[in-house]
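Inspection log for the structure reproduced underneath, given as structure tokens.
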Amino acid sequence: MSKSAMLAFLMAIGVWSVGGAAHAHDVNVTLRGAEPRPGHILATLQTRMQFMQGRGDYSARLDPPAHAGAMTFTFHDVAPGEYVLSVMHDQDDDHQMKKSATGVPQEGWAFSNGGSLAGPPSFDALKFAVGASDVNITTEMFYPYVPAPGQ
């Protein structure tokens, strides 16, 4: 390959790489109803293949708020595609959702589009798309009623 052809090839790769990065966008999340409980709030953006696997390409570990209310955070430079926002308030910091004997979550949780959830979560019901601009998501934390010992 000639020097001029090699230079043109390298320039084309550089332009493609810069152009590819320009398509990434931020996903801004407002999480309402977060409670001042111990542990941390774990959030991730999951693709269809990662859904309900406890991991995703984009993740955040946040301190719970000092007072009940809304909190905001951002996933930066998210590649175009379909994702589900999965959030767990990991009160015992074991990185696993504590569940009852019947499989009901015992720690706080939230999903993108989770307000309309009626039954087990599915990727198609909860997904959102990252495309040509930043995405803003507002969702509600749900905390199960867990009776105190002896109740």
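Reckoned from all heavy atoms, side chains included, excluding hydrogens, waters and symmetry mates. The first residue of the sequence shown is numbered 1, and numbering continues consecutively from there.
- When the side chains of ILVMFWY residues are joined at heavy-atom separations under 4.5 Å, either directly or via intervening members, I137 and F123 end up in two distinct hydrophobic clusters.
- Note: the hydrophobic cluster containing F142 also contains M52 (ILVMFWY, side chain heavy atoms under 4.5 Å, direct or indirect links).
- Smallest separation of non-hydrogen atoms from P64 and G39: CD-O, 3.2 Å.
- Inter-residue side-chain proximity for V84 and R48 is flagged as unmet; no heavy-atom pair is nearer than 4.5 Å.
- There is a side-chain donor-acceptor pair under 3.5 Å between T74 and N28.
- In this structure, H89 and Y143 have perpendicular ring planes: the angle between them is above 60°, well past the 30° mark.
- Linking ILVMFWY side-chain heavy atoms closer than 4.5 Å, directly or via other members, places V29 and V130 in a single hydrophobic cluster.
- Summarising the geometry, atom CG belonging to D134 is positioned 14.0 Å from atom CZ belonging to F75; distances are rounded to the nearest 0.5 Å.
- Tested against Q91, the residues E107, R37, K98 include a single side-chain hydrogen bond (donor to acceptor under 3.5 Å, both in side chains) partner, R37.
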Walk me through whether L85 and Y83 qualify under side chain to side chain contact (heavy atoms under 4.5 Å, CB included). CA-CA 7 Å; L85 167 69; Y83 298 91; over 6 Å; no
Test side chain to side chain contact (heavy atoms under 4.5 Å, CB included) on Y58 and T44; report intermediate values, then the result. CA-CA 6 Å; Y58 306 91; T44 187; 5.7 Å; no
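- When every heavy atom of T139 is checked against every heavy atom of A110, the shortest pair comes out as CG2-CB, 4.2 Å.
- To the nearest 0.5 angstrom, S112 atom OG is 11.0 Å from E82 atom CD.
- Between the side chain of D26 and the main chain of D77, a donor-acceptor pair closer than 3.5 Å is present.
- When all heavy atoms are compared, the tightest approach of K127 to N113 is O-ND2, 2.9 Å.
- Between E140 and R32, at least one side-chain N (NZ, or NE/NH1/NH2) sits under 4.0 Å from a carboxylate O, which counts as a salt bridge.
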L45/D57 under side chain to side chain contact (heavy atoms under 4.5 Å, CB included): CA gap, chis, key distance, verdict: CA-CA 6 Å; L45 299 182; D57 289 339; over 6 Å; no
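- Ring geometry for W109 against F111 counts as tilted: the plane angle lies between 30° and 60°, on a 0 to 90° scale.
- Here the closest heavy-atom approach between residue G108 and residue P144 is recorded as N-CD, 4.2 Å.
- Residue H40 holds its NE2 atom at 12.0 Å from CG of D92, rounded to the nearest 0.5 Å.
- Minimum interatomic distance between A70 and T30 (heavy atoms only, all atoms of both residues): CB-CG2, 4.3 Å.
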Begin from the C-alpha positions of L31 and T72 and carry the test side chain to side chain contact (heavy atoms under 4.5 Å, CB included) through to its verdict. CA-CA 6 Å; L31 189 59; T72 59; over 6 Å; no
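- In terms of heavy atoms, A43 sits closest to V87 at CB-CG2, 4.0 Å.
- Placement of V78 and F51 in two distinct hydrophobic clusters is found when ILVMFWY residues are connected by side-chain heavy-atom separations under 4.5 Å, directly or transitively.
- Side-chain atoms of D90 and H95 form no donor-acceptor pair, as typed in the model, at a separation below 3.5 Å.
- Considering only heavy atoms from C-beta on, P36 stays 4.5 Å or farther from H67 through its side chain.
- Summarising the geometry, atom CE belonging to M141 is positioned 8.0 Å from atom CD belonging to E35; distances are rounded to the nearest 0.5 Å.
- Rounding to the nearest 0.5 angstrom, the gap separating the CE atom in M71 from the CZ atom in F73 is 6.5 Å.
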